[in-house]
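Have a look at the structure below, then the notes.
Quantities reported herein were computed from a predicted structural model and do not represent experimental measurements. Chain letters run A, B, ... following the sequence lines, proteins first, then strands; residues in each count from 1.
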There are 2 protein chains.
Amino acid sequence: MNFLEERIIKDGVVKEGNILKVDSFLNHQLDVELFDEMGAEWAKRFEGVEINKILTIEASGIGIACVAARHFNVPVVFAKKTQSVNLDGEMYTAEVESFTHKNKNHVIVSKKYLNENDKVLIIDDFLANGCALQGLISIINSANATVAGIGIAIEKGFQPGGQIIRNLGYRLESLAIVDGMDPATGKITFRN
Amino acid sequence: MNFLEERIIKDGVVKEGNILKVDSFLNHQLDVELFDEMGAEWAKRFEGVEINKILTIEASGIGIACVAARHFNVPVVFAKKTQSVNLDGEMYTAEVESFTHKNKNHVIVSKKYLNENDKVLIIDDFLANGCALQGLISIINSANATVAGIGIAIEKGFQPGGQIIRNLGYRLESLAIVDGMDPATGKITFRN
């Protein structure tokens, strides 16, 4: 087990409905020492890959991306999530529809901060169905920029998002892949 | 002029309606090296003050708070902003009304992550009328925690938020206080 899997075992809480609560260290209270360790791990895994920008999405991706960015010496851009969209031509916009919730969201990045020279590492806290991630990839493609890689803290391996992204040929580095959770016992199974 | 004021002069854009656009380095694209320098500066200014937690508010405060927290060796908690609120008793909630926009927002923090032993440094990117900041202070008071200090990147000194907070006796350290902006010439005047 790696450091993140150990932390999930220690402080994560499994709830009914395939919910994994990690708000004590990952997405409400934030353990920035852990984020630093995650950044170092991604830097190791993406060593030799050209990366000049990190892209994340509000809100809980921002802290992880910013601390991790210190290991890459690159700026972070965070996409905004909104239900309405002001199409003023100065923004890249992706409409993403949740397969499970059926609601639509827009993912938005200013055209000023993404262009065809950018080699982008996407960072986010969770990957389940991959809706937000698909929106971020769509935006990078709109900008004619390159997806250099994707770093995810926790992937829910029993939901399809990660497999879809790998099928599409993207390099996806999830630090912890949860293959199963039992709300009755609290047991969490990680992929080897 | 300090490093942040210099950066504002270099990359900030003054728009009609007292708007200062700093989205190229502070709140859309994020210069994490600059955030680190800001963190070091707050650590210097709050040296000797007991701080065991940093509180910020989504979205643009999170990156600054996380990078700054590395200088304090404390966790970050970010408050969520929402227009509706589910009062389930597990959350501290503050209703804040914008004097200028008249809209109401709720600022929310889980009761698990704030308690009477916490000495809290509030960090945020902007202070103008101080609406969000008032909500954060209200939540810290609800938790019987202590406001150890407030660190703001850019204070609009010609709007009342900062003065109100100082009148209330809080220690407020704004790294740049803008006293005036001229959209015609782009000139920005800082407080000495």
Please assess A/Ile51 against A/Val120 for the test side chain to side chain contact (heavy atoms under 4.5 Å, CB included), listing each intermediate value before the final yes or no.
CA-CA 6 Å; A/Ile51 289 164; A/Val120 184; over 6 Å; no
If you tally heavy-atom pairs under 4.5 Å between each of B/Ala79, B/Ser110, B/Cys66 and chain A, the highest tally belongs to B/Cys66
Q. Are A/Asp118 and A/Asn52 linked by a side-chain donor-acceptor pair shorter than 3.5 Å?
A. yes
Heaviest contributor of heavy-atom pairs below 4.5 Å to chain B, chosen from A/Arg70, A/Glu58, A/Lys112, is A/Arg70
Salt bridge between A/Lys10 and A/Glu6, side-chain N to carboxylate O under 4.0 Å?
no
Applying a strict 4.5 Å limit to non-hydrogen atoms, the region of A/Val74 in contact with chain B is backbone
Note: B/Arg166-B/Glu155 ion pair, threshold 4.0 Å (strictly below)
yes
Okay, A/Asn27 and chain B: the region with an atom under 4.5 Å from a heavy atom over there is backbone
Which of B/Lys156, B/Arg191, B/Lys187 passes salt bridge (charged side-chain N to carboxylate O under 4.0 Å, His left out) with B/Asp179? It is B/Arg191
Bottom line for A/Thr56: the part with an atom under 4.5 Å from chain B's heavy atoms is neither
